[in-house]
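Every chain is numbered from 1 and lettered A, B, ... according to where its sequence line falls, protein lines coming before strand lines. If you're wondering where the values come from, they're calculated on a predicted model, not measured in any experiment.
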2 protein chains.
Amino acid sequence: MAAEMAKRATIHDVARLAGVSIKTVSRVYKGEPNVRDVIRERVKEAGAQLRYRPNAAARNLVERRSNLIGLFFENPSAAYVTELQMGALERLRETRYRLLIFPVERRADILGALVETAHASGLDGIIVTPPMSDDPAILKELMESGMPFARVAGDLAVYPNSSVTIDDMAAAEELLHYLLSLGHRKIGFITGDLSHRSAQLRLAAYHKVLAGTGIEANPDYVAEGGFSFASGLVAGERLLTLKDRPTAIFASNDDMAAATLQVAFNHGIRVPDDLTVVGFDDSAIASMVAPQITTVRQPVFEMTRDAADMLLQQIESGKTEPSRQIGYKLIIRQSSGPLRV
Amino acid sequence: MAAEMAKRATIHDVARLAGVSIKTVSRVYKGEPNVRDVIRERVKEAGAQLRYRPNAAARNLVERRSNLIGLFFENPSAAYVTELQMGALERLRETRYRLLIFPVERRADILGALVETAHASGLDGIIVTPPMSDDPAILKELMESGMPFARVAGDLAVYPNSSVTIDDMAAAEELLHYLLSLGHRKIGFITGDLSHRSAQLRLAAYHKVLAGTGIEANPDYVAEGGFSFASGLVAGERLLTLKDRPTAIFASNDDMAAATLQVAFNHGIRVPDDLTVVGFDDSAIASMVAPQITTVRQPVFEMTRDAADMLLQQIESGKTEPSRQIGYKLIIRQSSGPLRV
DNA sequence: TTGAAAGCGCTAACAG
DNA sequence: CTGTTAGCGCTTTCAA
């Protein structure tokens, strides 16, 4: 029973009814000054009566912007994705910008299509997240397109600007040193998807710290994961069924750490008494499982919020912004404890 | 070093370079028939050379649509939100439609602003999720606006159409009967946010089933939650510190069930040996914790996918679609077991 | 199979 | 403070 879907009122209808020019109506609806209050009121009344709403497309056309920001992500962890989104939205709130989401399934598909998609949707700019934010081919495409973009955790070696980062390597090292300080020497490691730079960095930190401590590398202690919970299940199983299993496991993200906890539970291995498990990211899942997971807080929310901020600046100024780095933090919770002899 | 940001090529530039009319260029870029292959090629080449991309705003203006769908949600559970999004995106994939997300903080703020926002963003239609999909005031606003919409789990009593539902009441009852069949009689209940209809329905099912079995109602066994993990922590603590604590707890969603598991862990209460815990939704978290949670699968993904389908139909046909109902399923996992005497 | 001309609804100079 | 006049870049009759 919707009201007659009569053609929507336009600025001309409102102008006619209010007895003013369309320019004045435009001024009123854009909140511009230089309109007498009487007129302003009269226009608003006419607009309300006609149920007038400015046409977004017409406005976009002439203003040459859509106020649309695209968030591209490719990540198997729901918790991580939510943080990304909420961070971006936090910055966009109270602005005229809106957020469009673009999950990408396969990286191969997006190459060449990313800028295409962005243009087809009329985006004003895009936020690129790992691992796309590290990909030289994607970066190249982006830069050539002239489409404003900002990166979350984008590799500065690939391109030095427009990225919000943390010191991934240092963070992983700190976590490892914490494990050593607990007395652990048999430390297992679950990698992330090694096509992600962050996954490689964490693995490198693992090798570096162990080597620096003179611990002999045990290849069996490194299991390949892929950042997803399911992959953590497989990797955790591999590690925990070793004859000489590790006393501590460093999973490259919290989802996989949670998976390891589940594997341990099913084998009757108690955490942290019989096994220490640590994750990375401090995503929501880390504090939702029992025991709660010791992890490194990678402030994904803040990083994405800052990336959005950077993007808006670039859109408005037309200039590229330098990268920014923000801090991480070791968060000790219940899943880690001293080595039991 | 982006290429000179010379003004973007327009359809006129391409037409000129290809030596055809703009209408022909338009035909080529819309994939319309009735263009000789030679011409088509020539136009494409000219377009590529000029790096031409159709202007979305201009197209939207004349076609009177933006191909933008808005997803409005107000939910403290990240897992739930992700399912909503992925479901909608699943249907939109391979179509020309894109998804905009609108998290709603406070319901009060959105009333009156929802349609406003939708129009300001030029949306073609919107997907409304609980509890907004039950709210009479919001529904009224929506219907009067003429903006196409579809609802996820929207109350059919408030408005009979455009909703994808499950039989909430029956699902909750089945779960309760399962608990009874396990021998449990002291059954605790954690409510959701009671401003949500689904929360009320689940509570009603609890009272109904217990009454039907002749179990005396114990007010202490009902703790108020709010669907968030944090609220589950508080409610779980309340229930598990009772002198005569329940042997089974039914949390109104999985997040709160996970929280209850954590409280149990901290009190040294073993699940399922000493306590049975069940949730609702079968969201991702249910199978990521240890023990995995017994729950009722509310197919949020499918519901939202279908709501998106319904919405597209409505947009294209201009007609309202009847509601659809889909099935739920009891999923027994590790967190439930027979009553120990 | 192709093109000319007329808008879509709005903002933006530039006058008045 | 207000209005006139041009477009923005595209699709769409309607002819040819």
Closest approach to the side chain of [X], judged atom by atom: which nucleotide of [options] is it?
{"X": "L61(B)", "options": "dT11(C), dG9(D), dT1(C)", "answer": "dG9(D)"}
{"X": "K23(A)", "options": "dT12(D), dG3(C), dA13(C)", "answer": "dA13(C)"}
{"X": "T10(A)", "options": "dC10(C), dT11(C), dG7(C)", "answer": "dC10(C)"}
{"X": "R27(B)", "options": "dG9(D), dT2(C), dT13(D)", "answer": "dT2(C)"}
{"X": "I22(A)", "options": "dG7(C), dC1(D), dT11(C)", "answer": "dT11(C)"}

Original post:
So which one's nearest nucleotide on DNA chain C is more toward 5', V62(B) or V20(B)?
Top reply: V20(B)
Can you check the [X] [atom1] to [N] [atom2] distance for me, whole Å?
{"X": "E63(B)", "N": "dG9(C)", "atom1": "CD", "atom2": "C1'", "value": "15 Å"}
{"X": "I11(A)", "N": "dG3(D)", "atom1": "CD1", "atom2": "P", "value": "12 Å"}
{"X": "H119(A)", "N": "dG9(D)", "atom1": "NE2", "atom2": "P", "value": "13 Å"}
{"X": "D13(B)", "N": "dG9(D)", "atom1": "CG", "atom2": "P", "value": "9 Å"}
{"X": "N34(B)", "N": "dT1(C)", "atom1": "CG", "atom2": "P", "value": "4 Å"}
{"X": "R42(A)", "N": "dC1(D)", "atom1": "CZ", "atom2": "P", "value": "15 Å"}
{"X": "R40(A)", "N": "dT2(D)", "atom1": "CZ", "atom2": "C1'", "value": "13 Å"}
{"X": "E32(A)", "N": "dT2(D)", "atom1": "CD", "atom2": "C1'", "value": "12 Å"}

Original post:
Taking the inter-plane angle between the rings of Y52(B) and Y29(B) on a 0 to 90° scale, is it parallel (under 30°), tilted (30 to 60°) or perpendicular (over 60°)?
Top reply: perpendicular
Please determine whether a side-chain nitrogen or oxygen atom of [X] lies at a distance below 4.0 Å from atom OP1 or OP2 of [N].
{"X": "N55(A)", "N": "dG9(C)", "result": "no"}
{"X": "S21(A)", "N": "dT2(D)", "result": "no"}
{"X": "R64(A)", "N": "dT11(C)", "result": "no"}
{"X": "T24(B)", "N": "dT2(C)", "result": "no"}
{"X": "Y52(A)", "N": "dC10(C)", "result": "yes"}
{"X": "K30(B)", "N": "dT12(D)", "result": "yes"}
{"X": "R36(A)", "N": "dC1(D)", "result": "no"}
{"X": "S26(A)", "N": "dT11(C)", "result": "yes"}

Original post:
Would you call R106(A) and E74(A) a salt bridge, using N to O less than 4.0 angstrom?
Top reply: no
**OP:** Would you name the heavy atoms of I22(B) and H12(B) that are closest together and state the gap between them?
**Re:** CG2-CD2, 3.4 Å
Subject >> More than 12 heavy atoms of other groups within 6.0 Å of E32(B) CD >> reply: yes
**OP:** State yes or no: are the ring centers of F227(A) and Y80(A) separated by less than 6.0 Å?
**Re:** no
Original post:
Is there a donor-acceptor pair under 3.5 Å between the side chain of N60(A) and the backbone N or O of A56(A)?
Top reply: yes
